[in-house]
Amino acid sequence: MSASDVTSVTSQSSRTATQASPAEQPIIQRQPITPEMMASLRYPHDPALSPDGKQVTYTLAEWAPGQQRRRMSLWVADVAGEGESPRLLASSDKNDQGARWSPDGQTIAFLSDRAEEGGYGKPQLYVMPAQGGAARRVCAMPNGAQALAWSPDGQRLAFTSLHGPEPSSDPIEVTPGRHTRLWTTPLAGGQPAPVTPPNLTVWDFAWSPDGASFALYYSDGPDETDWYRGQVGVVAAGGGAVRQLTHLTRQASGLAWSPDSQRIAYVSGEWSDHGLVGGDVFVIPASGGAARNLTPDVEYSPGWVQWLPDGRRLLLSGWDGVASRIGVLDEATGALTTLERGVLNGERGQPRLSASADGRAFAMMLSNAQHPAEIYHGALGGPGDAPEGINWRRLTRLNPLAEETWAHVPSQLITYAGADGWEIQALYTPPLNHEGPDAPPMILVVHGGPTSAHTDDYGGWINQALVSAGFAILRPNPRGSIGRGVAFADAVLGDMGGKDFEDLMLGVDEAVRRGLADPERLGIAGWSYGGFMTAWGVTQTPRFKAAMMGAGVCDYHSFHAQTNIQDWDERFLKAKPNEQPEVYRERSAISFAKHVTTPTLIIHGEKDPCVPVNQAYAFYHALREQSVPVELVVYPREGHGFLERDHIADWVGRMIHWMTTYLRG
């Protein structure tokens, strides 16, 4: 990886970051974006292409008036419809989601927590005619149903469900959790049958094309931290013992069977978060044998694959820098034919496509600097054996007010030399309005993970709100990020707060050098891993004049004692607290709290199982004892990612006020 000072944009943006300048006049005439406006956005999820390729179902998440949490509903859009609006598929006052087409395209299965007698108040499995009509509950599980899939013959449905009764909450017994089992149930109704034994947890599954088997990513333990130690295996569709195929030391996802049911492809890497997928593509015989890496040394991050009908090639989608890449991967040679670069898959964790059986058409979420995620249809150009490019068709227009009236400011890609001369990519967004000859105040926004990446999308909760409030923001992807290959992602292992922090600070230096940021008015903000890096940053340098630490770790010892993902710190610190306690002290921000001078706002959810709230209290008290301006706000009922609308708008508003006070006041 070599350093570069190139400023050309390789994704949606067409401008370059060479100097701080006001946004164009048409943007200034639009309405500045506030946290409350961001709360009005509607987001699609989980598109599914019908078997005949003519329709796409998707889940729509939106806040209904008077409700604090988003409600999920199912919609369907016609691929060839001219000017036709998507239509509501199922009407419910609860949450409907996860639609899946039957193989013949006549029936749609989905999950719903709609109120119905005998439903246990949990999401259950429903089916309905694809052309509309009444929904019918297929079965009722005491612990609800998750993650459904059709059998290839369309006669059964598979799903996962927790095993055993819910434990008592008074008193609270700290014991291993409940396993998640794989089940099947007849479409016509009847008793569901377990497929996997009660002492294994299934995290991911795929039904073989011949209907005889399931591929699994599973673990012996039931808890969230056990996901880090899973394996790929196979089990008969009728149930039985799971036959382990792999000896993984990392995680796997994206299971995909070859058309002849003889081989299984999957994506594997060392990942910080369950659901964030980007690594290398492997293929292993379903009968057992060695797995083969098809993508060693590539400098992008595949996240999803589907076999093409010839059984020799795979359709691939993955992270590529600040955008996505779609291509065709040859199993024999590992050669990738790129079909599209620069588009951005709107799925936050895994760049999944919903493809037709021949792989020549698919539905996906697409986001860019002009609009939030929308549902698109893609069709491959060129002949079947030599596809060329993708023809896109937009199917939804969910947020017209945002597109036409909001003052959205596009980002600009910059590259610079990070630690050891490695090339680092960052997105710089200038403030909506900035007057005067001086450079604007700038906030360094650090992404979570570290298995994640900033992408050139419409912007999350904080980005555009900060820009509208008069701040420039810099979003680097330091080593440890996905989108640049496994070697780049692995470079953070055993070095959190080391060269990744150098990459971030060198990005700040680059922005200052280019005149994009006022060196005397710098802030830092981040959530989760970004929250850790915020705490770490203010203990390592006095350059930041304001900080927002969101759901961040400050003390790895106490974090390990209370988190539900103890494997994470052991893997990413490459240490164990009982064996190398000095590593835990050396990489904990609280060990260096006496050096902090930066005014710091701390935001945390009261019920966060991943980064327990004790981390927030510890850093708050450490800074108070140093007489550093600090504020801690803990939100009831919230976990690691906030769900309630008022809470989200409140914490973003508090952050803007905090940054304004100390960077612009």
Side-chain angles (χ1 to χ4, degrees), residues 173-177 199 201 203 217-231 244 246-252 268-274 276 279 419-420 448-452 478-480 486-502 528-537 539-540 549 551-595 608-619 621-622 640:
E173 291 187 46
V174 181
T175 60
N199 61 339
T201 281
W203 302 97
Y217 179 68
Y218 69 98
S219 63
D220 294 331
D223 296 325
E224 188 73 12
T225 196
D226 296 305
W227 166 80
Y228 293 91
R229 288 175 270 118
Q231 298 294 335
Q244 181 176 331
T246 60
H247 298 279
L248 297 175
T249 60
R250 298 181 165 214
Q251 302 78 53
S268 183
E270 187 69 89
W271 302 326
S272 57
D273 298 71
H274 180 202
L276 290 175
D420 297 332
T451 309
S452 185
R479 66 197 65 205
V486 169
F488 189 87
D490 283 357
V492 75
L493 299 176
D495 191 36
M496 292 193 298
K499 290 182 179 178
D500 54 349
F501 181 63
E502 291 183 47
S528 191
Y529 179 74
F532 154 71
M533 197 60 78
T534 297
W536 183 257
T539 66
Q540 303 300 304
M549 172 191 178
V553 177
C554 73
D555 177 13
Y556 279 111
H557 273 289
S558 60
F559 168 84
H560 184 87
Q562 296 190 7
T563 183
N564 66 345
I565 52 169
Q566 292 89 351
D567 280 66
W568 176 78
D569 56 89
E570 292 186 353
R571 288 170 175 267
F572 281 79
L573 289 173
K574 282 194 170 180
K576 293 181 180 293
N578 294 335
E579 297 175 9
Q580 296 101 1
E582 70 281 358
V583 174
Y584 277 66
R585 288 193 296 270
E586 291 166 358
R587 297 297 168 137
S588 291
I590 203 164
S591 299
F592 309 98
K594 68 179 182 181
H595 302 303
D608 190 339
C610 176
V611 181
V613 72
N614 76 306
Q615 298 296 304
Y617 283 106
F619 207 58
H621 287 297
H640 195 58

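These numbers were taken from a predicted model, which means no experiment stands behind them.
- Residues that satisfy the side-chain hydrogen bond (donor to acceptor under 3.5 Å, both in side chains) test with Y529, not counting sequence neighbours, are D500.
- For Y218, there are no ring pair (Phe, Tyr, Trp, His ring centres under 6.0 Å) partners at least two apart in sequence or on another chain.
- Distance alone, capped at 3.5 Å, is enough to place a donor-acceptor pair between the R479 side chain and the A419 backbone.
- Judged as a side chain to side chain donor-acceptor pair (under 3.5 Å), the pairs with a partner in residues 573-583 (not counting sequence neighbours) are, in order, E570-K576.
- Scored by the ring pair (Phe, Tyr, Trp, His ring centres under 6.0 Å) test, F592 finds W536 as partners (sequence neighbours excluded).
- By the side chain to side chain contact (heavy atoms under 4.5 Å, CB included) test, N564 pairs with E224, P609, C610, sequence neighbours left out.
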Test side-chain contact (heavy atoms from CB on, under 4.5 Å) on T563 and W568 and set out the steps. CA-CA 9 Å; T563 183; W568 176 78; over 6 Å; no
Determine whether D490 and R250 satisfy the following criterion, side-chain contact (heavy atoms from CB on, under 4.5 Å), listing intermediate values before the conclusion. CA-CA 11 Å; D490 283 357; R250 298 181 165 214; 2.7 Å; yes
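- Scanning for side-chain hydrogen bond (donor to acceptor under 3.5 Å, both in side chains) contacts around S219 gives W203, with sequence neighbours left out.
- Nearest heavy-atom pair, M533 versus G497, reported as atom, atom and distance to 0.1 Å: CE-N, 4.1 Å.
- Residues meeting the side chain to side chain contact (heavy atoms under 4.5 Å, CB included) test with D495, sequence neighbours left out: K499, R587.
- Taking CZ of F532 as the reference point, atom CG of D569 lies at 11.5 Å (rounded to 0.5 Å).
- With sequence neighbours excluded, the residues forming a side chain to side chain contact (heavy atoms under 4.5 Å, CB included) with S528 are H640, listed by chain and number.
- With sequence neighbours excluded, the residues satisfying salt bridge (charged side-chain N to carboxylate O under 4.0 Å, His left out) with R229 are D226, D567.
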Evaluate V613 against D608 for side-chain contact (heavy atoms from CB on, under 4.5 Å), listing each step before the verdict. CA-CA 6 Å; V613 72; D608 190 339; 5.8 Å; no
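- Across T539 and H595, no two heavy atoms sit closer than the pair O-CB, 3.7 Å.
- Panel note: side chain Q251, backbone W271; a donor-acceptor pair is recorded below 3.5 Å.
- For S272, the side-chain hydrogen bond (donor to acceptor under 3.5 Å, both in side chains) partners at least two apart in sequence or on another chain are T451.
- Considering only residues two or more places apart in sequence or on other chains, D555 meets the side chain to side chain contact (heavy atoms under 4.5 Å, CB included) condition with H557, S558, S588, I590, Q615.
- Note: Y584 and Y556 have perpendicular aromatic rings, judged against thresholds of 30 and 60 degrees for the angle between ring planes.
- For D273, there are no salt bridge (charged side-chain N to carboxylate O under 4.0 Å, His left out) partners at least two apart in sequence or on another chain.
- With values rounded to the nearest 0.5 angstrom, S268 atom OG is found 7.5 Å from Y217 atom OH.
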